[in-house]
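Along the sequence shown, the residues carry numbers beginning at 1. Every value quoted in this text rests on a predicted model; they were computed, and no experiment measured them. In each ligand, atom 1 is the first atom listed, and ligand 1 is the first ligand listed.
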Amino acid sequence: MKNEFEWIRSIAPSKHRRASVIKGIGDDAAVIRPKVGYDIVLAVDTLVEGVHFTKNTMPLKAIGYKALAVNVSDLAAMGAEPLYYMVSIAVPKENWEQEEINEIYEGMGEAGEEYDMDLIGGDTISTSRDLVITVQVTGRVEEYRQLLRSDAETNDIVFLTGPVGMSAAGLDELLEKGKDAWGDDPFIQAHQWPIAHVEHGRFFAESGERIALNDVSDGVAHEAKEIAESSGVDLHLDWEKMPRLDLFQHVPLTKQRKWLLHGGEDFSLLGTMRASLFQQMKKQLQKKGLSLYQIGEVRPGRGNVWLKHEGTEKLLYDGGYTHF
Ligand SMILES: Nc1ncnc2c1ncn2[C@@H]1O[C@H](COP(=O)(O)OP(=O)(O)OP(=O)(O)O)[C@@H](O)[C@H]1O
Ligand SMILES: Cc1ncc(C[n+]2csc(CCOP(=O)(O)O)c2C)c(N)n1
Ligand SMILES: [Mg+2]
Ligand SMILES: [Mg+2]
Ligand SMILES: [Mg+2]
């Protein structure tokens, strides 16, 4: 067992991917040199044992991988390119071995490699119970190109960059069967190894178009409401247009609705863009192997979300995951 400081040295990267890191791990704070012409984008999100994961719902490596990926997803939702991350980890005095924490870091390192980011610092503390991992990420976006929730306008179309409901479906299976559910099943994979849609975010930012964007961490209904409210418009969604896997076909409708609309942790991006842009953007994204689905439109309103389902349109309950 290494002591705190030996352990920190053992997880510190020996070199950085980004030349802009002036000082990483090993001093009172990290120092980076921002590139001229870019705005810096910052986000922080925490995963808590018992709330976001348990040892039965997530492999150790996946806990680390997901802790970084969910943060990268927030950078993607701003149109930013991921650059660096910092980690604060509170380790319970019992039930967690150093080897297990190392595995979590391995998973985080894998995500770091995937998104081309450097670990530049963090904090290590003990706690009485339940592991807590906080990851702070820094990215950059070309000046004034950031993609905001507040940019939706009447006559825009509403889009999703990928399917939703899969992570929630996987979680239900994991809560029921525990480790027996682990495997290649796409729902389990979606829950344990989420993919942040960085390429979509960058494509939208680089286009220079006005695009409102949010990542689906708390469920489509909730995220749509956030866009509607901050833009001062109404979003009209169409149930039939929601991208979903054929695997959902045999699932009862109430469950489908719960997973697809209120599930969360999907990390697809939900957004709006000018209607005339949609087909060309879809084609360009397809060339990169990326998808885009129109699921509704924006109309004048006061921040409400409507859902057309089985011929009638109703106000969509905006419930999603909430911590309080
Ligand atoms: N405790 C807090 N103190 C200060 N600002 C906060 C706090 N919690 C959230 N915020 C800010 O509120 C805004 C919304 O945060 P929120 O966490 O809901 O968004 P998100 O990270 O996209 O969603 P999620 O955490 O569900 O993935 C962000 O600007 C965030 O920085
Ligand atoms: C064991 C276990 N129970 C429940 C859930 C579901 N869950 C937890 S937080 C969250 C929303 C996103 O989090 P945040 O708002 O903090 O970004 C969801 C859908 C889970 N992942 N693991
Ligand atoms: Mg957050
Ligand atoms: Mg978000
Ligand atoms: Mg949330």
Numbered in order shown, the ligand 2 atoms found under 4.0 Å of a heavy atom of V51 are 2 (C), 3 (N), 4 (C), 5 (C), 8 (C), 20 (C), 22 (N)

Where ligand 2 meets H191 - atom numbers and elements under 4.0 angstrom, heavy-atom basis: 21 (N)

Is the distance between the ring centroids of Y84 and H16 under 6.0 Å? no

For atom 22 (O) of ligand 1, which candidate among D74, N214, T322 holds the nearest heavy atom? D74

Parallel, tilted or perpendicular, as decided by the 30° and 60° cut-offs, for the rings of H323 and H52: tilted

Polar contacts were defined as any N/O atom of the residue lying under 3.5 Å from an N/O atom of the ligand; does this apply to D45 and ligand 2? no

Based purely on interatomic distance, does T54 place a nitrogen or oxygen under 3.5 Å from a nitrogen or oxygen of ligand 2? no

Between R18 and S20, is the side chain to side chain donor-acceptor pair (under 3.5 Å) condition met? List the steps. CA-CA 5 Å; R18 304 277 179 175; S20 49; over 6 Å; no

Cluster check W239, W259: I/L/V/M/F/W/Y, side chain < 4.5 angstrom: yes

Nearest heavy atom to atom 24 (P) of ligand 1 wins, so pick from A43, S217, S73, A77. S217

Anything under 30° is parallel, anything over 60° is perpendicular, the rest tilted; go ahead and classify F53 against W96. perpendicular

For M58, state whether at least one heavy atom is located under 4.0 Å from any atom of ligand 2. no

Taking NZ in K2 as the centre, count heavy atoms belonging to other residues, nucleotides or ligands within less than 6.0 Å. Is the count above 12? no

Which of the N/O/S atoms in D45 sits closest to the Mg ion (ligand 3)? OD1

Report, in ascending order of atom number, the atoms of ligand 2 lying under 4.0 Å from any heavy atom of S217. 11 (C), 12 (C)

Please report the C-alpha distance between Q136 and T138 in whole Å, then the side-chain angles of each, then the deciding distance to 0.1 Å, and finally whether the side chain to side chain donor-acceptor pair (under 3.5 Å) criterion is met. CA-CA 7 Å; Q136 183 279 332; T138 302; 3.3 Å; yes

Check ligand 2 against G263 and write out every atom of the ligand that is under 4.0 Å from a heavy-atom position of the residue. 19 (C)

Short N/O distance, under 3.5 Å, between H52 and ligand 2? yes

Side chain, backbone, both or neither: which part of E265 has a heavy atom under 4.0 Å from ligand 2? side chain

CD/E6: more than 12 non-hydrogen atoms of other groups inside 6.0 Å: yes

If I apply the N/O under 3.5 Å rule, does E226 come out as touching ligand 1? no

Contact between D266 and P163 at the side-chain level, heavy atoms closer than 4.5 Å - yes or no? no

Within the 4.0 Å heavy-atom cut-off, what L47 brings close to ligand 2 is neither

Proximal ligand 2 atoms for L171, defined as those under 4.0 Å from one of its heavy atoms: 2 (C), 4 (C), 5 (C), 6 (C), 20 (C), 22 (N)

Heavy-atom contacts with R149 under 4.0 Å: which atoms of ligand 1 show up? List them by number with element. 19 (O), 22 (O)

Output all residues satisfying ring-ring contact (aromatic ring centres under 6.0 Å, His included) with H197, sequence neighbours left out; order by chain, then residue number. H200

Can a non-hydrogen atom of A168 be found less than 4.0 Å from any atom of ligand 2? no

Those atoms of ligand 1 less than 4.0 Å from some heavy atom in D45: 21 (O), 25 (O), 27 (O)

Quick one: side chains of residues 21-38, donor-acceptor pairs under 3.5 Å with protein atoms, not counting sequence neighbours, listed by atom name and distance.
none

Per the ring pair (Phe, Tyr, Trp, His ring centres under 6.0 Å) rule, which among F204, Y293, F278 passes with F159? F204

Ligand 1 atoms nearer than 4.0 angstrom to some heavy atom of D218 are 26 (O)

